[in-house]
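Below: one structure, written as structure tokens.
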Amino acid sequence: MDIYKSFRVEVDRALDAMTAAGDMPAGVDRSKVSVEPPRDPAHGDMSTNAAMVLAKAAGKPPRAIADGLARHLSAHPDVTEVSVAGPGFLNWRLRPSRWRATLRDVLAAGLGYGDSDVGGGRAVNVEYVSANPTGPLHTAHARGAVVGDALAALLEKAGYAVTREYYINDAGAQVEVLARSTHLRYREALGETIGGIPPGMYPGEYLKDVGQAIADRDGDRWLSVPEAAWLPAMRAAAVEIIMCWIREDLGRLGVAHDVFTSERALVDSGAVTRALTELEARDLVYTGVLEPPKGKTPDDWEPRPQTLFRATSFGDDVDRPLKKSDGSYTYFANDIAYHLDKVRRGCPTLIDVWGADHGGYVKRMQAATSAITGGEGALDVKLCQLVHLMKDGQPVKMSKRAGTFVTLADVLEAVGRDVLRFIMLTRRNDQTLEFDLAKVTEQSKENPVFYVQYAHARCASVLRHAADSGLPTAPDALSAADLDRLDQPEEIDLVRVLAGWPRLVEAAAEAHEPHRVAFYLHDLAAAFHALWNRGKDDATLRFLIDADPNLTRARLAMVAATKTVVASGLKVMGVVPVEELRG
RNA sequence: GCGCCCUUAGCUCAGUCGGAUAGAGCACGCGCCUUCUAAGCGCGGGGUCGCAGGUUCGAAUCCUGCAGGGCGCGCCA
């Protein structure tokens, strides 16, 4: 169990005792009481805000409550140095043996250390990537892919039942364009000279491969038939081939979705019509005329009655159209049906990972999700800001229009999967990210990937040396070590960081912020590197002490636990830990 | 014009449901390799948390207004 959580229980017991003694009114709301590490370690190992939070309801000054809590807590066998500070913080320290005990927890749990049950097995659907099937993945997609995948892994570690989902946008005008562009390349593959690619068509060279593949499979059967005949065939074939590429790229990135949902299949099944019927039943659909967007009116704007969803009743700024002027459904209408579908499949908690250019779409989708599910479903949207691809400090020029964008496959080839995944998680999702192809493969402290991997490799190195000397390195053997031999302050510092991993997993999962794992691992690596270097100044602080097998075994337990927690964190990030950095 | 996101050290960024003297890396200055990997570690200088109000025991964090940057704004997805 998380060490902070277990002391939160102790605080509860103390409060119970105070209530029983009449020092505290019964039924006081304790939901804001927390036990956490103080920001400044000088204040102690743990701290609670209970006295300040409860002062008003208890009708007592914070310090009086804190004094009462202090009396109860100081009776705990693992607690020392209880003190009341500042406006009413209650601080205390733990006996070092209590901290050291976490090493056994880590060794016993292995990579499962930090697993939590806060999720309680509740279902969460994480939808991410969902790139349009009109071309290969490029760098902009990589961030959403990594963030979504790491978030899914994090939620699983925190005890949620996670579904990883990809929404294939294979309906609508853009796949029609794809079909026409593909037909052009198909004709080209059969020997026709097509000249330039007309405006409005996808110019990318990659469509040549699609055209060729269809020519190889079907011969010339789509050459002299009317568009109505070849268009659906081109569309289906192109989407299938490109989705195959996308899955390959995701596979290379180590991303695997559980569910792929087709927009077209959803529309064909009548789900959109049914969803709109449900909205109508709730009186959330009407026909109205929208104001033109101010400041940037389209040239061909004319007021027109439209089928609208009452998004404003759910916090959006304007009501949103559900049908185009030709009577077909808007993308938004399809998306409402899709989100309803996700909830109806048994998952009220939805997370969508989107690109920054979809920011204007968040409110309406949240409004719609809430409306269509009658408040049962809740949608959180993680918007990933832009990735600026750089090389040696200079921006890499990209233009999708000219077909010169950098594909995900290119970047993967240049830097590797693990580097790409780690770097994508070194920023909050709503912060823009600079990705320098040169810097991220440097082996220096400036590169967080290297820094964390180096810590893992150093742990592995120590364990290798130990094994070479015939020392036991298996977890159960190390668990039997006399951990009281770890009496250096820096050693306890490191153990404290290790003990913070379960708490971090829960906090990051609840906040839907996988990047916190990357920052935690950086801190953990720093604590380990610091300890390592202490052995440079003072040989008695090295991990392997030939003359003292018992001390060595205790220190190996600490090293093995550190290696395990680094690996556990990297696993959430989808990064493979390295055993060795030098070839 | 409106909406969303961002603004923290010279630079790039963290900052836990509001918590104590706001942190890390880079850069700068000074130290540490006969040693388990020095691709590392230690010490030091460096801040009006964009600006102005408000909420309260307490605000970088929540609310309001303003400024600067990014993204978006019916019949694209």
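Chain letters run A, B, ... following the sequence lines, proteins first, then strands; residues in each count from 1.
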Can you check whether A/Lys324 has a side-chain N or O nearer than 4.0 Å to OP1 or OP2 of B/A77? yes
Shortest side-chain distance from A/His522, nucleotide among B/G15, B/A24, B/G40: B/A24
Please work out if A/Ser34 contacts a base, only the sugar-phosphate, or nothing of the nucleic acid, heavy-atom cut-off 4.0 Å. base
Of the options B/U16, B/C5, B/C13, whose atoms approach the side-chain atoms of A/Thr432 most closely? B/C13
Which part of the nucleic acid, if any, lies within reach of A/Tyr451 when heavy atoms closer than 4.0 Å are counted: base, sugar-phosphate only, or nothing? sugar-phosphate
Check every strand shown and say whether A/Ala173 touches a base, only sugar-phosphate, or nothing at a heavy-atom separation below 4.0 Å. sugar-phosphate
With rounding to the closest Å, how many angstrom separate the P atoms on B/C6 and B/G18? 16 Å
Checking all strands, does A/Asn91 fall into the base, sugar-phosphate, or nothing category for heavy-atom contacts under 4.0 angstrom? base
Select base, sugar-phosphate, or nothing to describe what A/Ala457 touches, counting heavy atoms under 4.0 Å on all strands. base
Using both distances under 3.5 Å as the test, list the Watson-Crick or G-U wobble partner of B/U48, or none. none
Taking atom types as modelled and ignoring hydrogens, do the side chains of A/Tyr4 and A/Arg8 form a donor-acceptor contact shorter than 3.5 angstrom? no
Without decimals, in angstroms, what is the distance between A/Arg458 CZ and B/U35 P? 14 Å
Mark this stacking check for A/Phe519 against B/A14 as yes or no, applying ring centres under 5.5 Å and ring planes under 30°. no
Distance check: side-chain N/O of A/Gln431 vs OP1/OP2 of B/A14, anything under 4.0 Å? yes
Residue A/Met52, side-chain atoms from C-beta onward, closest of B/G70, B/C41, B/G19: B/G19
Testing B/G74, B/C41, B/A20 for proximity to the side chain of A/Ala530, the answer is B/C41
Using a cut-off of less than 4.0 Å, is there contact between a side-chain N or O of A/Arg364 and OP1 or OP2 of B/G72? no
Tell me which nucleotide among B/U35, B/G74, B/A38 gets nearest to the side chain of A/Pro321. B/G74
Base, sugar-phosphate, or nothing: which does A/Lys363 touch, judged by heavy atoms less than 4.0 Å apart? sugar-phosphate
Counting any heavy atom closer than 4.0 Å, what does A/Ser47 reach on the DNA or RNA strands: base, sugar-phosphate only, or nothing? base
What's the closest nucleotide to the side chain of A/His515 if the choices are B/U56, B/A14, B/A77? B/A14
Does a side-chain N or O from A/Lys56 land closer than 4.0 Å to OP1 or OP2 of B/C57, or not? yes
Distance below 4.0 Å between A/Arg428 side-chain N/O and B/A14 OP1 or OP2: yes
Quick check: are there more than 12 heavy atoms from other residues, nucleotides or ligands sitting under 6.0 Å from NZ of A/Lys56? no
Check this for me, if you would: do A/Asp468 and A/Arg464 make a salt bridge, where the nitrogen-to-carboxylate-oxygen distance has to be below 4.0 angstrom? no
Please determine whether any donor N or O and acceptor N or O are separated by less than 3.5 Å between the side chain of A/Asp523 and the base of B/A24. no
According to a strict under-4.0 Å criterion, is A/Trp532 in side-chain N/O contact with OP1 or OP2 of B/A38? yes
How is A/Ala356 classified with respect to the nucleic acid when contacts are heavy atoms under 4.0 Å: base, sugar-phosphate, or nothing? sugar-phosphate
Return the nearest nucleotide to the side chain of A/Arg304; candidates are B/A77, B/G19, B/G74. B/G74
Side chains of A/Glu165 and A/Tyr338: any donor to acceptor distance under 3.5 Å? yes
Nearest to the A/Asp537 side chain among B/C32, B/C6, B/G72, which nucleotide is it? B/C32
Do A/Arg320 and A/Phe332 form a cation-pi contact, if we require the NZ or CZ to be under 6.0 Å from the six-membered ring centre and within 45 degrees of the ring's axis? no
Across the strands shown, which category fits A/Gln385 at heavy-atom distances under 4.0 angstrom: base, sugar-phosphate, nothing? sugar-phosphate
What's A/Glu434 touching, base or sugar-phosphate or nothing? Going by heavy atoms closer than 4.0 Å. nothing
With a non-hydrogen cut-off below 4.0 angstrom, is A/Leu290 in contact with a base, only sugar-phosphate, or nothing? nothing
Taking only side-chain N and O atoms of A/Arg39, does any of them lie within less than 4.0 angstrom of OP1 or OP2 on B/U16? yes
How about CG on A/Asp538, more than 12 heavy atoms from neighbouring residues, nucleotides or ligands closer than 6.0 Å, or not? yes
Of all the nucleotides listed (B/A77, B/A38, B/C13), which has the minimum atom distance to the side chain of A/Arg427? B/C13
Selection from B/A20, B/G19, B/U16 that lies nearest to any side-chain heavy atom of A/Asn49: B/G19
Closest nucleotide of RNA chain B for A/Leu90 versus for A/Ala171: which of these residues is on the 5' side? A/Leu90
Classify A/Asp317 by what it touches in the nucleic acid, base, sugar-phosphate, or nothing, heavy-atom distance under 4.0 Å. sugar-phosphate
Could you check whether A/His358 and the base of B/G72 form a stacked pair, meaning centres closer than 5.5 Å and planes differing by less than 30°? no
Would you tell me whether A/Thr134 and A/Gln174 have side-chain atoms, one donor and one acceptor, within less than 3.5 Å of each other? no
With hydrogens left out and only the distance checked, is there a donor-acceptor pair under 3.5 Å joining A/Thr134's side chain and the base of B/A77? no
